[in-house]
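This structure is a prediction, so every number in the text was calculated from the model and none was measured.
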Amino acid sequence: MPNSCGNRHCPSCQKLNSANWLEQQVDHLLPIPYFHDVFTLPHEFNPLIQYNQQQLYSLLFSSATATLLQFGRNNLKATLGITAVLHTWSQNMLDHYHLHCVVTGGGLSLDGKSWVSLSPEWQFPVKALSIVFRAKFRDGLMNLFEKGQLQFPISESGLSDPIRFTRWLRGICRRKWVVYTSGLLPVHKRSWRICVATLTGSPSPTADSKH
């Protein structure tokens, strides 16, 4: 038998695990439409992320999902359901940290008594999502810095200085951060399976790997 390298990025070793995970997500499908959202971090964070993967991956997940949940509570008065998948590179295999989120087209009312549906035309304003996501990630990153929980690469060692770090972070946060939201995904399981397979990199007979 061939030896398994066990690396989570290996398409051979992780093919079965990815397929099993995909089927588990499909089994949890509700008979409702879904939205596809993507939250992307500016590339200026790339060196810092490489030295602090656990902390900053977790911060990306928490910032993006907290943003969606906040919009669900405030605008829909409901709790959304979210499946999030981390991507760490682009199609040309360069570092590109972003989170794909498959989000329910509605949610359970805050009192837990009814289902509240989103409009099929749109989810939430993208600009507003971007602003809130940026603020949550910024505040979380500052919290990690103030607690001394960040490691800095040699090329960015000067960022360990509080004044320089604050100035650097403020400069990144002056610009727009990319948040993308699509229209509603089809309700039926086969289309949803193809969508999630594309997000996870799992093989799908009809999914286009360029998407």
Side-chain angles (χ1 to χ4, degrees), residues 8 17-41 54-88 97-144 176-202 204 206-207 211:
R8 68 187 180 91
N17 288 339
S18 296
N20 289 338
W21 181 88
L22 173 59
E23 289 305 316
Q24 289 173 8
Q25 308 316 305
V26 173
D27 287 342
H28 295 157
L29 262 183
L30 297 174
I32 59 170
Y34 287 77
F35 285 91
H36 173 209
D37 300 328
V38 184
F39 294 81
T40 302
L41 291 177
Q54 181 177 350
Q55 298 96 314
L56 297 192
Y57 289 166
S58 295
L59 181 57
L60 173 55
F61 270 94
S62 62
S63 300
T65 55
T67 296
L68 289 168
L69 291 172
Q70 177 178 320
F71 273 77
R73 289 193 301 269
N74 294 346
N75 297 323
L76 200 62
K77 306 303 180 185
T79 302
L80 303 176
I82 305 167
T83 298
V85 179
L86 173 68
H87 281 200
T88 58
Y97 300 97
H98 55 290
L99 197 70
H100 289 267
C101 300
V102 178
V103 186
T104 52
L108 189 64
S109 62
L110 296 181
D111 61 11
K113 295 181 179 180
S114 61
W115 180 263
V116 184
S117 296
L118 272 166
S119 166
E121 300 300 325
W122 67 296
Q123 187 190 39
F124 305 117
V126 173
K127 183 177 180 180
L129 286 172
S130 176
I131 291 172
V132 174
F133 167 62
R134 180 180 62 191
K136 289 184 181 298
F137 191 90
R138 177 202 64 202
D139 293 347
L141 190 60
M142 279 301 305
N143 185 51
L144 290 172
K176 294 180 180 179
W177 289 23
V178 178
V179 173
Y180 163 86
T181 181
S182 74
L184 289 171
L185 300 173
V187 178
H188 48 88
K189 288 190 175 184
R190 179 169 178 77
S191 294
W192 203 89
R193 181 183 283 106
I194 292 171
C195 173
V196 178
T198 303
L199 302 187
T200 60
S202 301
S204 173
T206 56
H211 290 177

Out of curiosity, Phe35 CZ to Leu80 CG, how far, rounded to the nearest 0.5 Å? 10.0 Å

Residues forming a side-chain hydrogen bond (donor to acceptor under 3.5 Å, both in side chains) with Asn74, sequence neighbours excluded: none

Between Leu60 and His98, the two heavy atoms sitting closest are CD2-C, 4.3 Å

In terms of ring plane angle, is the pair His36 and Tyr180 parallel, tilted or perpendicular, where the classes change at 30° and 60°? perpendicular

So how far is it from His100 NE2 to Asp37 CG, rounded to the nearest 0.5 Å? 11.0 Å

Side chain to side chain contact (heavy atoms under 4.5 Å, CB included) against Ala128, all qualifying residues, sequence neighbours excluded: Phe71, Pro125

Quick one: closest heavy-atom pair of Ile82 and Cys101, and the distance? CG2-CB, 4.1 Å

Between atom CG of Leu99 and atom OG of Ser62, what is the distance when rounded to the nearest 0.5 Å? 10.0 Å

Among Phe133, Phe61, Trp177, find the residue that satisfies the ring-ring contact (aromatic ring centres under 6.0 Å, His included) test when tested with Phe39. Phe133

Atom OH of Tyr97 and atom CG of Leu56: how far apart are they, to the nearest 0.5 Å? 9.5 Å

Could you grab the distance from atom CG of Leu144 to atom CD of Gln55, nearest 0.5 Å is fine? 6.5 Å

Please give me the minimum heavy-atom distance between Ser109 and Val116, naming the atom from each residue. CB-CG2, 4.0 Å

Under the rule for side chain to side chain contact (heavy atoms under 4.5 Å, CB included), what residues qualify as partners of Ile131, not counting sequence neighbours? Lys127, Arg134

Would you confirm whether Ser130, through its side chain, and Val126, through its main-chain N or O, come within 3.5 Å as a donor-acceptor pair? no

Does Thr104 reach the side chain of Leu118, with side-chain heavy atoms less than 4.5 Å apart? no

